[in-house]
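Data block below; observations after.
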Amino acid sequence: MPETINPSVDSHARVGVYICHCGTNIAGTVDVKSVSEFAASLPGVVVAREYKYMCSDPGQALVQQDIHEQKLNRIVVAACSPLLHEPTFRRVLSRAGINAFFLQMVNIREHDSWVHLDKGAATQKAKDLVRAAVRRVSLHKPLQKRQVPIHPSVLVVGGGIAGIHAALTLADAGKQVYLVERQPTIGGHMAMFDKTFPTLDCAACILTPKMTSVASHPHIRLWTYSEVVQVEGYVGNYKVKIKHKPRYVIDDLCIGCQECIAACVYKEGKTPDEFNLGLSKRKPVYLPFPQAVPQKVVIDPDTCIEFKSGKCKKTCIEACGDRHAIDFKQQESVDEIEVGTMILATGFKTFDPKRNPSYGYGRHANVYTSLEVERLINAAGPTGGELVLRDGQTPKSVGIIHCVGSRDRNTNRWCSKVCCMYSLKLAHLVRERTGAEVFNFYIDMRTPGKGYEEFYDRLLDEGVHFIRGRVAEVSDFAAHPSEEGKLVIRAEDTLAGFVRRIPVDMVILAVGLEPQADAQDVRRMFNISCASEGWFLERHPKLAPVSTFTEGVYIAGACQGPKDIPDSVAQAGAAAAEALALIDTQFVELEPYTASILEEECSGCKSCIPLCPYHAISFSDESKKASINEVLCKGCGTCVAGCPSGSIKQNFFEDEEIFEEIEGVLAYA
Amino acid sequence: MKYAYYPGCSLKGTGRAYEESLLAVFQALGVSYEELKDWNCCGATSYMSVDELSSYALAARNLALAERENMEIIAPCAACYLVLNKTQHYMHDYPEINNVVTRALGTIGLTWHGQTRVRHPLEILLNEVGVPAIATKVKRPLHGLKVAPYYGCQIVRPYSTFDDQRNPTSMDQLLSACGAKVINYSSKVQCCGASQKGTLPEVGLDRIRRLLLAAKREGAEVIATVCPLCQFNLECFQDETGNAHEPISMPVLYFSQLIAWALGLDAKAVALQRCIVPVQTLLGSKEIVHA
Amino acid sequence: MSLQRRVKFEAETDREFAQWIAHEIGGEKLRECLQCGLCSGNCPLSLYMDHTPRRLMYLAREGFKTEVLSSLSIWLCTSCYECVIDCPKQINITGMMYSLKQRAIKEKFYPRRFPIPVMARQFSRMVRGSGRITESWLVVQVFSRTAIRRLLGMGKLGVRLLRTGRMRLSRDKVERRGDIAKLMDAIQVARKESAA
Amino acid sequence: MPDRPSDAAITQQFEPRIVAFFCNWCTYLAADLAGTSRMKYPPNTRVVRVMCSGRVDPQFVLDAFAHGADGVLIGGCHPGDCHYQEGNYKALRRFELLKRLLADLGIEKERIRLEWISAAEGDKVRAVINDMVKKVRALGPLKLERDAKDVWLAEVAV
């Protein structure tokens, strides 16, 4: 059917259409030449060109030149996704002296050439999309981006190594940082480790200095035992509510002398110690671990006699004396802060091996998780760094099972990335501390990273056994006298090609990494996305690895996916830099896609008011009309679609424009 | 509702004790059933290896027969239970199989719509009758008789919908309700070696011996089974397992026999006379000790 | 001892076979196998196998037809599904074993007088004949064709079974035996059609 | 799955036209991801980008059908994930009403579809489009009584 001009289209529109080859990415599937010829034939189109790389400088210059010479006032660029180059070409329009919003992008790469094989069909699709764009762009109105100032302070969520590093980087740059940690101390998983691979330097020795400088840094406000409960606002201007759980100890008064702990009426600890994963007991008043930051004790109301009966001698208060740091009446409190940017470093949790009954975790006493063993061999741990079985004996043989809760469709499909290396580290430490025979059961040994393969060589040289095979079962059933009283690991030795049964005293399960249990709630609160596995989703896997789809919110560390310490720190630095870059521009530009009400047409039915989640719509009782506060409007357009009298319009997404686009894509013979 | 009882070939032969005790238990607990009219062999495991399609057709005939009466099937034999369920699944998942089999059924005036549920007695007793109902009917408790419930493979894998594949407990619950002391051991879902005893004796015997040992090690006095082949393997070759080692003597009953005993049913129903390894005195002693 | 060439020339692999198994029931996800060996570890029979299930899958995937079909392992599989329920790639290994057994029987890839296929064939004959199986008869038929001596050795057990009334001498039969035969023929016809 | 059957087949095979409204934050990104992952799906859809599925005015859908669309697909963020907090719920409410209206006008329910597709679910975009094209192709071209069409055009005239 012949191309006709919609009467509502601006007849003064002089449209330029530019088809990008993107090398062969587009041109390989879409016949760009015929698309541009087709475009040239469309009403209102003054010039249509195809070019190898529209986003390149010459490509941009081409558009700019045409705007001048051909007096173009509307531009259509058919190339990649608007999310990539819309800003680029809007700048071109501005430079050429016409309004940046006289541009319409057409996505013929991600949505066309990359997803179709049939050249004919792909080319036809490109033509339809271009036709629609040409018809729509003529209706574009000139718009201006809104500028809002950026609040210079930053919120960092999570006090693990990533959060700590990000906070310090920002604070050293002179920015005010709020660091919020859920636990009573910062340090995260790294604080639980004994040594770090591959250098084997002691985790505490390199971590605690950073922890203490967080506590003492003038620009860092550290809130432990606290959680973010509400996030409002938009990039540059976030309002955040933080809940402080009561520790029943007044931060500013407690000096961490721990005399209250010694004085507690409980002579011995009775409660499984969270930090030692239940391998030791703590009292109701406790310090998570010796180098905890802040050095403030916590009182656990569930086990403290005073809270249960109110009849305790309160020897702790006596011990605290005139410092009066203990306050049984302390209540939960909430702080509200304003920040311009936020960094999420909420970390990971380890796989629960009970989900894989074949390995007998929880059934056989001497089956441990790798994290438990980290505590056992840690000098500050429950056994003072001695690796012993539950009965206090030193193991003579130890089996380390890799990929527990990793690379398995029945649990988690992904490779947890760090297990191979930490298993090697544990194998080394076990041999060093006990001289036991160590057997590593692996599927593939993954040691990419500086000095990692060399570390593997070292372990091979130390005489650790490496058996390639996923373990089928850990049982206490002896099929041979030599297996009596041992844990028997059954696995195929896939390199030898037969099944082996290996009796050991201790089994270590190299548990994989998983998203935090509440990752979904957190990402909803911060309005970012998760990949299907539950890891936070980065804006671009390669080019924007710490950004998210929500401006001003960045991610760092293992909350984005399994990561070792070097990677987490690197990401934390990157996230801090991104935040700094944004802060130093001092203001952000917001898309002008806001909605507004044509007073004369508003029937005053108020049906739009409940539709707006941002309370941007108000009703004036004298004029009996509704009106929209442009500052509060985020431009979702829900009210526009909901207005019975059609009196609300959304910039850049006006009904006419969308109708034009719909009819445009459908207007083919 | 009335169930279509599908005995399968073994329950008419070596597994008679299973049929006798199970049906008696059903009557005692008011599970109404009638034998599926003119049922045929399910097609069984060994048939699969020659000609899978035919075995689906055989299984499908039984399903179609039950569907015509619109009854649910009760299949006590593990192999039957698996093959009937497997056929249901494959008829759904693989159009090409569905096609051929449907056409074949057509030639004998039958149709398959996949409406028939295939269920196992364990599930019926557990979910339809219920543990409490059974407990109240117990007249002759097993008084701490140490029973090793042995599930074997094909009841729980891969299609079981009523119990855990690694650590099933349905039989445990039923037998505990009868006063037995149930033993938990990891071998309870391992394979008995199936027909290997016949075809590769040394392999079959080794399996059998391992299983008997595992149960004995945990102090079991009796093994309870849900499958005629498991029962046959474990009971009938015990002295052969002695060839290289000391022989093992361990009574092996169907779970239904133990329940029949606990419900105080008559000797014919409990069918102890069908045992090769004697168990009468053992059960008797329990009775006397605690009566 | 005699030396023999172990090197394999690519020409000796059978692409058709690799293709075939990839499209058989159980073979669909074979390419995803990461060779972790969990199946072999779980398999109660693997301790007797010449090729473990894991290696068998690899050989099949690579098209080593002779090695796979002449392997004892496929006959050792009792289809207990231990391998299937834990497979990290959820491969239907038991299903694949069936496919291999059928192909091996079709192409006569097993030792003479090897009981398992004989058993299978006797089994199917009896079903076709009477619609049901009478175990005692089946056993007699199988062993008389494979290991007559073992049959005699089983006298003692036979007597016991007789005494406990568990050995049935009369043959159990379906009433509408015609139907069974019809059904089986229909399958054969259908198979020929689909083959053609 | 190939884009289309062989050219021979095309002649007799009907290729439906499907207009898709994808929200800027989830489904549009998912479609981009499908592209960067080089997934393949049939070329029958034409995507119109809106900031939020809540912006999809029922009139857009009517207009699409009136101008020759054989199917309309709306893609938004999963419940609870809306970039604008609850726009997708509004979309859902309108969708339910719209479905009834279309049913009354004798339009098969397979022709209109609302899907929650997150930014990470490129594969779901492929699956949904494959499935919808298959179903709508089976239905054949949308047949509108002349008057019904006029009613709509009048209705959506702006």
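Numbered from 1 within each chain, the chains take letters A, B, ... in sequence-line order. Predicted, not measured: the structure shown is a model, and the values here were computed from it.
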So what's closer than 4.5 Å to chain D heavy atoms on Glu533(A): side chain, backbone, both or neither? neither

Assess whether a salt bridge exists between Lys135(D) and Asp131(D), defined as any Lys/Arg side-chain N lying under 4.0 Å from an Asp/Glu carboxylate O. yes

Toward chain D, the part of Asp112(A) with a non-hydrogen atom under 4.5 Å: neither

Please rank Arg126(D), His78(D), Met39(D), Arg94(D) by heavy-atom pairs under 4.5 Å with chain A and give me the top one. Arg94(D)

Pair Arg90(A) + Glu591(A), salt bridge at N-O below 4.0 Å: yes

Of Glu110(A), Glu86(A), Glu657(A), which is the lone residue that meets salt bridge (Lys or Arg N to Asp or Glu O under 4.0 Å) with Arg49(D)? Glu86(A)

Looking only at Leu29(D), Val56(D), Val50(D), the option with the highest number of non-hydrogen pairs under 4.5 Å against chain A is Leu29(D)

Which bit of Phe653(A) is near chain D, if near means a heavy-atom gap under 4.5 Å: side chain, backbone, both or neither? both

Could you look at Tyr89(D) and say if it's the side chain, the backbone, both or neither that has a heavy atom under 4.5 Å from chain A? neither

Pick from Cys26(D), Ser53(D), Ala120(D) with the largest number of heavy-atom pairs that fall under 4.5 Å of chain A: Ala120(D)

At a heavy-atom separation under 4.5 Å, does Cys82(D) approach chain A through its side chain, its backbone, both, or neither? backbone

Closest approach of Ala126(A) to Val30(A) (non-hydrogen atoms, all atoms of both residues): CB-CG1, 3.9 Å

Non-neighbouring partners of Tyr614(A) that pass side chain to side chain contact (heavy atoms under 4.5 Å, CB included), sequence neighbours left out: Cys612(A), Lys634(A), Tyr84(D), Gln85(D)

Please work out which of the three classes, parallel, tilted or perpendicular, describes the rings of Phe22(D) and His111(A), given edges at 30° and 60°. perpendicular

Lys/Arg-Asp/Glu bridge criterion (N-O < 4.0 Å) met for Arg137(D), Asp70(D): no

Per-residue contact mode, Leu611(A) against chain D (heavy atom under 4.5 angstrom): both

Under 4.0 Å between a side-chain nitrogen and a carboxylate oxygen: does that hold for Lys90(D) and Glu86(D)? yes

Using a cut-off of under 4.5 Å on heavy-atom pairs, state which of Ile528(A), Leu129(A), Ile658(A), Asn107(A) scores highest against chain D. Ile658(A)

So, Arg136(A) and Glu660(A), do they make that salt bridge, N to O below 4.0 Å? no

Under 4.5 Å to a heavy atom of chain D? For Arg109(A) that would be neither

Given a strict heavy-atom distance threshold of 4.5 Å, which part of Cys643(A) is in contact with chain D: side chain, backbone, both, or neither? neither

For chain A, find which of Asn24(D), Thr36(D), Asp81(D), Val19(D) contributes the most heavy-atom pairs closer than 4.5 angstrom. Asp81(D)

